Amino acid sequence: MSILLFLLLLLPDKEIMVYETNDKGKIGTMHLTAAKDSTGYRVVYEWEDRRLEVLFDTLDMSTLYVKKTVGDKVELEITKKDKFKVYFKGRRQSYGADKPIYDRHAIEYALRGFDYNKDFKTKIRFHVPEFMIVNADVAVVGEGEVTAAELGEFDCWKVELKPHVLFFKWRFYFWIEKEYPHRFIKYEDSSGKNSILLIEYEEIAPNPDD
């Protein structure tokens with residue numbers, strides 16, 4: 001796997017992002033707040049009915065912690081220490097992992113840390129469903145300009161994620177900005193019924209008193 005370490009160091013210390021989501025015709029919004037601290041990149045996703053907290057390792061963008069809350073109920077929690085400890089809808093499980101693992105809820109943010117080129121291909125492992133690990137191929141399948149609402153046009157890599165799941169034929173596509181700050185701009189899947197598009201963005205300068 002090729003990870004661009006100096007790129008990760010150049011990701012903004014704090015960002016606020018808003019995305020328009022289309023879930024089979026149902027339009028909504030997804031709010032992200034991302035901040036780097038001594039433990040890693042801490043990202044909070046918020047929708048109307050749920051909240052997701054994720055901690056990413058700053059060296060390889062792998063998952064260190066995940067907590068998904070629906071309403072006021074914790075549905076999923078994953079903690080990485082010596083092993084991954086998983087709580088999912090009342091069930092508990094643990095397993096070891098000697099290589100980076102990504103979470104499927106936040107894979108688009110993790111994909112900002114890869115060193116892309118037109119021939120880029122690699123394999124990753126990620127949590128999906130939440131209590132097991134799935135292998136997947138990640139590859140650049142295109143590049144070009146993407147229009148993101150009123151934010152304008154962005155020169156992006158089109159990245160395909162292909163899970164290794166028997167009888168599962170879907171493909172997932174992510175458009176990642178080539179230049180700093182390497183934002184996740186757009187998502188679509190091969191069903192043509194689900195999409196995400198960046199509509200607001202703000203980079204917040206670090207506070208020297210922090």
Side-chain angles (χ1 to χ4, degrees), residues 4 7-8 10-37 40-56 58 61 63 66-71 75-76 102-116 120 126 128 136 138-161 170-207:
L4 192 58
L7 182 153
L8 293 178
L10 291 175
L11 287 183
D13 285 339
K14 188 170 184 179
E15 304 167 283
I16 296 175
M17 292 159 274
V18 181
Y19 292 87
E20 181 181 87
T21 62
N22 185 336
D23 183 7
K24 300 180 178 66
K26 181 181 178 180
I27 305 300
T29 54
M30 178 175 74
H31 295 255
L32 272 73
T33 301
K36 183 174 69 173
D37 60 27
Y41 286 104
R42 193 172 298 273
V43 184
V44 177
Y45 294 70
E46 292 182 289
W47 296 264
E48 182 179 351
D49 60 343
R50 61 196 188 279
R51 174 186 172 95
L52 180 71
E53 302 170 48
V54 186
L55 179 64
F56 297 92
T58 54
M61 299 300 282
T63 300
V66 180
K67 183 179 181 181
K68 180 182 179 182
T69 306
V70 179
E75 181 178 282
L76 166 71
Y102 304 88
D103 189 79
R104 61 104 169 169
H105 294 93
I107 189 65
E108 74 290 328
Y109 193 90
L111 289 176
R112 297 175 70 183
F114 289 75
D115 181 14
Y116 296 114
F120 178 89
F126 65 112
V128 57
V138 176
V140 168
V141 295
E143 56 185 301
E145 298 290 333
V146 176
T147 301
E150 297 181 2
L151 295 176
E153 292 188 341
F154 298 87
D155 192 16
C156 295
W157 298 110
K158 181 181 179 181
V159 180
E160 180 189 67
L161 187 146
W170 279 25
R171 303 289 183 268
F172 305 95
Y173 300 99
F174 305 83
W175 282 260
I176 307 296
E177 184 180 19
K178 288 183 177 181
E179 303 298 329
Y180 178 89
H182 312 287
R183 288 166 286 193
F184 157 59
I185 302 298
K186 180 182 174 182
Y187 160 84
E188 291 181 353
D189 62 38
S190 56
S191 75
K193 299 179 180 179
N194 304 287
S195 63
I196 300 172
L197 181 67
L198 181 67
I199 57 174
E200 296 179 28
Y201 178 82
E202 181 181 3
E203 180 180 340
I204 300 175
N207 186 340

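For clarity, every value in this text was computed on a predicted model and none was experimentally measured. Worth knowing before you read on, the calculation uses all heavy atoms, side chains too, and leaves out hydrogens, waters and symmetry mates.
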Q: Do you know which two heavy atoms are closest between F56 and A106, and how far apart they sit?
A: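 Heavy atoms only, the tightest pair is CZ-CB, 3.6 Å.
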
Q: Supply the atom-to-atom distance D103 CG to L55 CG, rounded to the nearest 0.5 angstrom.
A: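 Nearest 0.5 Å value for the CG-CG distance: 12.0 Å.
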
Q: What distance separates F120 CZ from D115 CG, expressed to the nearest 0.5 Å?
A: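 Nearest 0.5 Å value for the CZ-CG distance: 7.5 Å.
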
Q: Taking all non-hydrogen atoms of both residues, which atom of C156 and which atom of I185 are closest, and how far apart?
A: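 It is SG-CG1, 3.7 Å.
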
Q: Strictly distance-based, threshold 3.5 Å: is any side-chain N or O of T69 a donor or acceptor partner for the main-chain N or O of R50?
A: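 Not confirmed, T69 side chain does not pair with R50 backbone.
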
Q: I'd like to know whether E188 forms a side chain to side chain contact (heavy atoms under 4.5 Å, CB included) with W175, so could you lay out the CA-CA distance, the side-chain angles of the two residues, the decisive distance to 0.1 Å, and finally the verdict.
A: CA-CA 9 Å; E188 291 181 353; W175 282 260; 3.9 Å; yes

Q: Contact between S190 and F172 at the side-chain level, heavy atoms closer than 4.5 Å - yes or no?
A: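 Sidechains of F172 and S190: no contact.
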
Q: Could you give the distance from CD1 (I196) to NZ (K186), rounded to the nearest 0.5 Å?
A: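 So the gap between those two atoms works out to 12.0 Å.
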
Q: Compare every heavy atom of V138 with every heavy atom of V159, then report the nearest pair and how far apart it is.
A: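 Smallest heavy-atom distance, with atoms named: CG1-CG1, 3.5 Å.
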
Q: Could you walk me through whether L32 and V43 pass the side chain to side chain contact (heavy atoms under 4.5 Å, CB included) check?
A: CA-CA 7 Å; L32 272 73; V43 184; 4.1 Å; yes

Q: Using the six-membered ring of Y116, assess whether NZ or CZ of K178 lies under 6.0 Å from its centre and within 45 degrees of the ring axis.
A: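 No, a cation-pi geometry is absent between K178 and Y116.
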
Q: Just verifying a value: how many Å separate E203 CD and M17 CE, rounded to the nearest 0.5 Å?
A: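 Going from the CD atom of E203 to the CE atom of M17 covers 10.0 Å.
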
Q: Does T33 offer a backbone N or O that forms a donor-acceptor pair with the side chain of R42 under 3.5 Å?
A: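 Not confirmed, R42 side chain does not pair with T33 backbone.
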
Q: Can you confirm if the NZ or CZ of R51 lies within 45° of the ring axis of Y45 and under 6.0 Å from the centre of its six-membered ring?
A: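 No, R51 does not sit over the ring of Y45.
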
Q: Between atom OH of Y41 and atom CZ of R112, what is the distance when rounded to the nearest 0.5 Å?
A: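 Answer for the OH-CZ pair, Y41 versus R112, is 8.5 Å.
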
Q: Which heavy atom of K24 sits nearest a heavy atom of N194, and at what distance?
A: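 For K24 versus N194, the nearest heavy atoms are N-OD1, 3.4 Å.
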
Q: Taking salt bridge (Lys or Arg N to Asp or Glu O under 4.0 Å) as the criterion, tell me which of E53, E46, E75 meets it with K68.
A: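 The option that passes is E75.
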
Q: Under the 3.5 angstrom rule, does the side chain of D23 hit a backbone N or O of K26 as a donor-acceptor pair?
A: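 No, D23 side chain to K26 backbone: no donor-acceptor pair under 3.5 Å.
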
Q: Using 0.5 Å steps for rounding, measure from the CD1 atom of I199 to the CG atom of L151.
A: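 Nearest 0.5 Å value for the CD1-CG distance: 8.5 Å.
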
Q: Hey, mind stepping through L161 and F126 against side chain to side chain contact (heavy atoms under 4.5 Å, CB included) and telling me if it holds?
A: CA-CA 11 Å; L161 187 146; F126 65 112; 4.0 Å; yes

Q: Can you name the one residue among E202, M30, H31 that meets side-chain contact (heavy atoms from CB on, under 4.5 Å) with V18?
A: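 Of the listed options, the one satisfying the test is H31.
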
Q: Describe, in one word, how the ring planes of Y180 and H182 are oriented to each other, choosing from parallel (under 30°), tilted (30 to 60°) and perpendicular (over 60°).
A: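 Correct class here is perpendicular.
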
Q: Surrounding CD of E150 (heavy atoms of other residues, nucleotides or ligands, distance under 6.0 Å), is the total greater than 12?
A: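 Counting other residues, nucleotides and ligands, CD of E150 stays at 12 neighbours or fewer.
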
Q: Begin from the C-alpha positions of S191 and D189 and carry the test side chain to side chain donor-acceptor pair (under 3.5 Å) through to its verdict.
A: CA-CA 5 Å; S191 75; D189 62 38; 2.4 Å; yes

Q: Using every non-hydrogen atom in the two residues, find where A110 and M61 come nearest and quote the distance to one decimal.
A: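 Here A110 and M61 meet closest at CB-O, 3.7 Å.
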
Q: Go through the steps for V66 and L76 under the test side chain to side chain contact (heavy atoms under 4.5 Å, CB included), then give the verdict.
A: CA-CA 7 Å; V66 180; L76 166 71; 4.1 Å; yes

Q: Is it true that E200 and R183 have a side-chain N and a carboxylate O under 4.0 angstrom from each other?
A: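 Here E200 does not pair with R183 in a salt bridge, since their nearest N and O are not under 4.0 Å apart.
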
Q: Can you name the nearest heavy-atom pair linking L197 to A149, along with the distance?
A: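 Scanning both residues, the minimum pair turns out to be CD2-N, 4.1 Å.
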
Q: Under the criterion ring pair (Phe, Tyr, Trp, His ring centres under 6.0 Å), which of Y173, Y109, F174 is the partner of Y187?
A: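 The ring pair (Phe, Tyr, Trp, His ring centres under 6.0 Å) with Y187 is passed solely by F174 among Y173, Y109, F174.
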
